[in-house]
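Here's the structure, in structure tokens; my notes come after.
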There are 2 protein chains.
Amino acid sequence: MTGAAAPRLVDIAQSAGVSVATASRALSGRQGVSTAVAERVKEIAESLGYIGNVHARSLAGGTSSSVGLVVHEVADPYFSEIASGVMRVAGQRGLSVQMCHSGRDPQIELRQLRTLIANRVGVIVVAGSGYLDPEAERSIHRELTRFTQAGGRVVAIGRHQHATDAVLPANTDGAQAVTRHLLALGHRRVAVITGSLGLTTVADRLTGVHRALAEAGIPREDVPVIEAPFTRDGGRTATLEMLGEHPGSTAVLALNDDMAIGALSVLRSRSLRVPEDMSVTGFDDVPVAADLSPSLTTVRLPMQQMGEKALELALRPATKRPRRVVMPATLVERDSSGPPRRS
Amino acid sequence: MTGAAAPRLVDIAQSAGVSVATASRALSGRQGVSTAVAERVKEIAESLGYIGNVHARSLAGGTSSSVGLVVHEVADPYFSEIASGVMRVAGQRGLSVQMCHSGRDPQIELRQLRTLIANRVGVIVVAGSGYLDPEAERSIHRELTRFTQAGGRVVAIGRHQHATDAVLPANTDGAQAVTRHLLALGHRRVAVITGSLGLTTVADRLTGVHRALAEAGIPREDVPVIEAPFTRDGGRTATLEMLGEHPGSTAVLALNDDMAIGALSVLRSRSLRVPEDMSVTGFDDVPVAADLSPSLTTVRLPMQQMGEKALELALRPATKRPRRVVMPATLVERDSSGPPRRS
DNA sequence: TTGAAAGCGCTAACAA
DNA sequence: TTGTTAGCGCTTTCAA
């Protein structure tokens, strides 16, 4: 508290016997200073432990060196992988990242977005599913538009309803592939367990499931869709419900890995063997999926890359029409899926 | 681009026909404005989509509404859980979080710290092990000291060498407990697999192992310590090495869950049964530990709470002597540990 | 190559 | 209760 205040640019300038303008130029490595002076200023700054005030700088220069990142929940591996990718690129470029949770709640998301804008971040990366509720999306969209109009850059990951640049995982294709896989194994009584139907990611993945079903001539009514939170616990709840309501099922198609892990744990506690008694598939391929036992058949999304790509996109100037980068979703067949038992 | 610039406080004030001072007071909910005027100003601000400029505010007011968070790697569940806790509390208090990676590299950590300070965060939460290298710690410490002297607050999670407030998991106790557990099961040929010996967390946990060994009268030379990266892959490498160099081992004591998961996967691929042929224990109790098969015996650390606690501590004024909050480490016995096979 | 000075958008004395 | 005004620490013209 009593402590010496942090040295300011004036202090450095004074110590070096130059004006603040010169000191500023020297430290930011701009033109117009003799190398000798620049050297001296830098040395003095270093020795005094000078650290420039970003607030003053961005207020004066109108520039921003920070990026905003909105995730639903960072403890969810899907988002922590994305965040990791964003942070890697940010680290390389000397940008700081401001992260916040939306908690999958459009109201909170809106508030967080406003906070980021107040903090004058230069770019915003919004990760995670959008909402089917048009009212919710509208207010989010309005905020984002205002931001881009003021010169900000926005890139969305996994949501396509805004006219922003976007990194889009091939959710529909991936879901179609994993559904085909199950059908090819001979399953006819599949149950889908999923997070909130109000999320666009869920809608997209469900579309893929239905496409595969249609291809195989199976009416979609034959495949129950059980909704629960998009978490491990949700997976447990949904699996329990499936076991009770749809006892004839031979496969659980979870719309993310977390739910699949929950399913696996319920099945184990019921002594149902996977895949002999019941096949289970996930979606995302979180790092632990390969290490589960049985290892999880799932759809791989390159999450870290999605984060990296998103920030790289954001750092490039905006184009006339929004860019869309589709990230491939690839089926990873592992041990949790197999042919249905004969019944 | 061409866009209308974001409205500023003057614009609001003008629209409302009041001075900036009044507008400022009205919007920040401070005293000294009639409710009628305050109402009107707020309405106008809302309708114009006004969002205050944090840079200007903190430059003028000398206040900061953001907190810095340093983690080794956010994709690591240990850190993503901590981050989640920090973000929850920050969200409640309307603070924004600036997160950065240190990558377990003291040089990078130092740079990140400086960036946070440049961004004038009010508090810094440093999560993750410190370094045994005194030179590295010294420069970090110097930076942190300067920051606190300038009025900043620092809280460390899991590192105790700085004279800052700290949230400390009971690493030594936890390691002692899990080692005792293995010894009580009858294991005598235990191998420890661990991340870098240069990390204080590793040193602390190793101390716990050695204490338990000493209690049981087992010379520490009997227990090989295999060093590898503190990751799942590191766990694989280390386990492979153990299998080759110390074939008589009956238990793998991993110093974090990630490495334990790697060990599990190697053992499975070698068709060694856990725990019949080999027991495995972890440390941290990351969320997935309970869902592995076999479920992982480990030491639970309340990671989210640690994050929450850390920020709460940071938001309280500094005390004369640094506060230390010890978080309990509790042994969680699950299915990956059992008596050694008779040999 | 250097310096003086005008802001950036806001808060907080101080006056009225 | 309200307004005026002086900065906060920096960047950036414009002159020298």
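Below, chain A is the first sequence line, B the second, and so on; all start at residue 1.
Remark: P of dG9(D) and CD1 of Ile51(A) are 15 Å apart, rounded to the nearest angstrom. Going from atom CG of Leu59(B) over to atom P of dC10(D) covers 9 Å, rounded to whole Å. Separating the CG atom of Leu9(B) from the P atom of dC8(C) is a distance of 14 Å, rounded to the nearest angstrom. The separation between Gln14(A) atom CD and dG9(D) atom P is 13 Å, rounded to whole Å. At whole-Å resolution of the value, CD in Gln31(A) and P in dT1(C) are 8 Å apart.
Closest to the side chain of Ser19(B), out of dT13(D), dG3(D), dT11(C), is dG3(D). In the set dT2(C), dT1(D), dC10(D), the nucleotide with an atom closest to the side chain of Ser34(B) is dT1(D). Side-chain proximity of Arg57(A) to the nucleotides dT2(C), dT2(D), dT11(D) is greatest for dT11(D). Checking dT2(C), dC10(C), dG7(C) against every side-chain atom of Ala60(A), the shortest atom distance belongs to dG7(C). Nearest nucleotide to the Asn53(A) side chain, out of dT2(C), dC10(D), dC10(C): dC10(D). Considering only side-chain atoms of Arg25(B), the nucleotide from dG3(C), dT11(C), dG3(D) that sits closest is dG3(D). Here dT11(C) is the nucleotide among dT11(D), dT11(C), dT2(C) with the atom lying nearest to any side-chain atom of Val20(B). The side chain of Ala56(A) lies closest to dG9(D), out of dC10(C), dG9(D), dG3(C).
Ion pairing between Glu73(A) and Arg104(A) fails under the 4.0 Å rule for side-chain N and carboxylate O. At a threshold of 4.0 Å, the pair Glu81(A)-Arg88(A) does not count as salt-bridged, since none of the basic side-chain nitrogens sits closer than that to a carboxylate oxygen.
The aromatic rings of Phe79(A) and His72(A) stand perpendicular to each other, their planes meeting at an angle above 60°, with 30° marking the opposite boundary.
Residue Val33(B) is the one, among Val33(B) and Ser28(A), whose nearest nucleotide of DNA chain D lies closer to the 5' end (criterion: closest heavy atom). Of the two residues contacting DNA chain D, namely Thr63(A) and His55(A), the nearest-nucleotide position lying further toward the 5' end is that of His55(A).
Of the side-chain N and O atoms in Arg30(A), one or more sit less than 4.0 angstrom from OP1 or OP2 of dT12(D). When the side-chain nitrogen and oxygen atoms of Tyr50(B) are compared with OP1 and OP2 of dC10(C), one or more of them lie within a distance under 4.0 Å.
Paired with Val123(B) under the rule side-chain contact (heavy atoms from CB on, under 4.5 Å), one option of Leu311(B), Leu313(B), Thr148(B), Leu95(B) passes, and it is Leu311(B).
Side-chain N/O atoms of Ser96(A) and Thr115(B) include no donor and acceptor closer than 3.5 Å.
Nucleic acid contact for Gly62(B): none, since no nucleic acid atom lies under 4.0 Å from a heavy atom of the residue.
For Arg120(B) against dG9(D), a side-chain-to-base donor-acceptor contact under 3.5 Å is absent.
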